[in-house]
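Written out below as structure tokens is the structure these notes cover.
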Amino acid sequence: MKILYFAWVREKTGIASEEISLPDGIGTATQLMDWLSVRGDGFADAFANTDTVRVAINQEHASLDHPVTDSDEVAFFPPVTGG
Amino acid sequence: MKILYFAWVREKTGIASEEISLPDGIGTATQLMDWLSVRGDGFADAFANTDTVRVAINQEHASLDHPVTDSDEVAFFPPVTGG
Amino acid sequence: MIRVQLEDFDIGQEIDALTAGNTGIGGICSFMGTVRDMAGGSGADDAVSTMTLEHYPGMTEKALAQIDAEANTRWNLAASLIVHRYGELTPGDRIVLVVTASAHRQDAFEACQFLMDWLKTKAPFWKLEASEDGASWVEARESDDDATARWK
Amino acid sequence: MIRVQLEDFDIGQEIDALTAGNTGIGGICSFMGTVRDMAGGSGADDAVSTMTLEHYPGMTEKALAQIDAEANTRWNLAASLIVHRYGELTPGDRIVLVVTASAHRQDAFEACQFLMDWLKTKAPFWKLEASEDGASWVEARESDDDATARWK
């Protein structure tokens, strides 16, 4: 699985992207966030308030309870502010 | 009084503008149109259907029953189509 | 700011000149009207060869300045511009430009629509369309009156 | 048509290229977003020195193309364009350009507003504002969500 982080989520995790093998038992974006949160303080901080985190799966906006699989590209970021 | 004609009103009257002395008894734009109508076929044709004629008095849109005086600039024209 | 002119205009230059030095502007809405090749009310076969815009010098400038001021009263604008051409134009030619600049996009969009709706129904311009079949004056459209009425 | 780029753009050239040869167009609406010198949420004292736009390469292009197609489904457009910049910008710099061309002005205005509202809430861009006091990420505004919601 490819994971990308943008804006202050990226700043807090300290990395822009990574490749991981999705562990057994992780079936949704929320579960993935919970799993990432325990990897260190930066990740814990990034996902401390899930209300402020948005997710895209395979480059489409998705809800936090959306299923994820090992072949997905998943991105975490704050609400967008383009335009 | 200065009178101006625009678009097909101008084409029908055959003139773009003229100076007249406002005759006694002409107190509104409608009365002025009636008076102009009897000056000839072109004028009669221009003012045959007053629903399609608009008036401006001193360069402001006005209603047909608006008073006119000898010192006014009065313009007759079709509904506008700018923009 | 308003201008009535024979000459063509360049939208980029107009916007740059209007907004130069004002970094409080967050959004610039503009609308440009162009000459279509199809006659207003009629079928698609009636190709327009020229469109001649007649106007009422004096009243036009006065009316445009009034409505420009009105837009600036109704919305929070940093700058606004109306440029309207007259004279003989051909299909594809630019007729009118309205630009509204504001800190917020909603003000810019609404003011720009207001000005365009108003121009269609109140500015003393008349369009004469010439095609192979002859020339005819474009008739006012009820839908334009309706569009203007919503701004009361 | 959509483009995501570092480079600046020229609105006049973009419109000319988009509408060239199409004389069925009667109206062209455009909106240009520019960098303001005041920080989004804060007081007027907090002057922005730079704004850096981060985006999600790949998703951005895909999302912009989707919404551009959606606008062309909802409204009768002759042509449409979205150009969005990324990278470091300074106050007054152009950020985004949306152009919609149509035979009728109402289609052009509505589609342009739809695209801008959508860009504000769905396009994967994030703004980092730097001032003398440091840098902070611009927060999303509820009013933008409300603006997008009306197009459902």
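Naming convention: chains lettered A, B, ... in sequence-line order (proteins, then strands); numbering from 1 in each chain.
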Comparing C:Ala103, C:Ala101, C:Gly12, C:Ser143 against chain D, the one with the most heavy-atom pairs below 4.5 Å turns out to be C:Ala103
Which one, D:Gly92, D:Gly21, D:Gly24, leads in non-hydrogen pairs under 4.5 Å with chain C?
-> D:Gly24
Toward chain D, the part of C:Glu14 with a non-hydrogen atom under 4.5 Å | neither
Where do D:Glu88 and D:Thr52 come nearest, in terms of heavy atoms and distance?
-> CG-OG1, 3.9 Å
State, to 0.1 Å, how close D:Ile2 and D:Leu64 come at their nearest heavy-atom pair, and which atoms those are.
-> CG2-O, 3.6 Å
If you look at every heavy atom in D:Gly27 and C:Thr34, which pair is closest and at what distance?
-> N-OG1, 4.2 Å
Charged N-O contact under 4.0 Å between D:Asp146 and D:Arg141 | no
Among D:Lys120, D:Gln113, D:Gln13, D:Arg94, single out the residue with the greatest number of heavy-atom pairs under 4.5 Å to chain C.
-> D:Gln113
Looking only at D:Ile25, D:Ile95, D:Thr90, most heavy-atom pairs under 4.5 Å shared with chain C are made by D:Ile25
Tell me, for C:Asp117 versus chain D, whether the close heavy atoms (under 4.5 Å) come from the side chain, the backbone, both or neither.
-> both
Option in C:Cys112, C:Ala147, C:Ala20 with maximal non-hydrogen atom pairs under 4.5 Å from chain D = C:Cys112
Please look at D:Ile15 and chain C and tell me whether the side chain, the backbone, both or neither of the residue comes under 4.5 angstrom of a heavy atom of that chain.
-> side chain
Closest heavy-atom pair and its distance - D:Ala71, D:Leu77 | O-CD1, 4.0 Å
If you count heavy-atom pairs under 4.5 Å between each of C:Gly33, C:Pro91, C:Cys29 and chain D, which one has the most?
-> C:Cys29
Using non-hydrogen atoms only, which part of C:Val35 is less than 4.5 Å away from chain D: side chain, backbone, both, or neither?
-> backbone
Exercise: identify the closest heavy-atom pair between D:Thr100 and D:Ala108 | OG1-O, 2.7 Å
Side chain from CB out, backbone as N, CA, C, O: work out which of these in D:Val98 comes under 4.5 Å of a heavy atom of chain C, or both, or neither.
-> neither
Between D:Phe114 and D:Trp151, how do the two ring planes meet: parallel, tilted or perpendicular, split at 30° and 60°?
-> perpendicular
Take the angle between the ring planes of D:Phe125 and D:His55 and call it parallel below 30°, perpendicular above 60°, tilted in between.
-> parallel
